[in-house]
Amino acid sequence: MIVFDLKCEGQGHVFEAWFGSSADFEDQKARGLLSCPMCGDVRVVKALMAPAVAAKGNRRSVAAAAPAEGAPVPMGNADEGRMRALMQAMANAQAKALEGSTWVGRTFAEQARAMHYGEKDRASIHGEVAPDEARALISEGVEVAPLPFPIIPPEAQN
Ligand SMILES: [Zn+2]
């Protein structure tokens, strides 16, 4: 259903009417089924009523301001310094956590699984894993967690 602001051409009365679609409006108008509720004039046109248009515009902009799922969240400049400090603190924490950890690269899933099932001594490891493989590990109960920051593999460093 859509609502149109309509206006009679004779005296300029403005009124609202609901239609199933824009085509419905055209169809009813063409068949002379539309008339002004105040004076009965059948010469009815779509009105551009300034206050109503503004109200609808406001509603639309409120909806557009709500971020869609997965969309980037707008961040104010005032938060930038604090955000950067937080990111740095998190990066430092990650670096510290990885100090005693061994980079195992693409064999991560295999090794994490071996440790989980007791085929290998437990140790702190980090490496690369495809998202679906990470989900599989988690569903098996293997204790894995994504790192908040990307790691430069040792073989790529230099
Ligand atoms: Zn009228």
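Order of listing sets the numbers, starting from 1, for every ligand and every atom in it.
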task = Give the ring-plane orientation class for Phe19 versus Phe4, where under 30° counts as parallel, over 60° as perpendicular and anything between as tilted.
result = tilted
ask   = Would the number of heavy atoms belonging to other residues, nucleotides or ligands and lying under 6.0 Å from CG of Asp132 be above 12?
value = yes
message = I'd like to know whether CD of Glu143 has more than 12 heavy-atom contacts from other residues, nucleotides or ligands below 6.0 angstrom.
response = no
query = Considering the options Leu34, Val42, Asp41, which one meets the side-chain contact (heavy atoms from CB on, under 4.5 Å) requirement together with Cys8?
reply = Asp41
key: Contacts of the Zn ion (ligand 1) with protein N/O/S atoms, counting only those under 2.8 Å   = Cys8 SG, His13 ND1, Cys36 SG, Cys39 SG
message = A quick test of your reading: do over 12 heavy atoms of other residues, nucleotides or ligands sit less than 6.0 Å from CE of Met87?
response = no
task = Measure the CD-CZ distance between Glu133 and Arg113 for me, rounded to the nearest 0.5 Å.
result = 6.0 Å
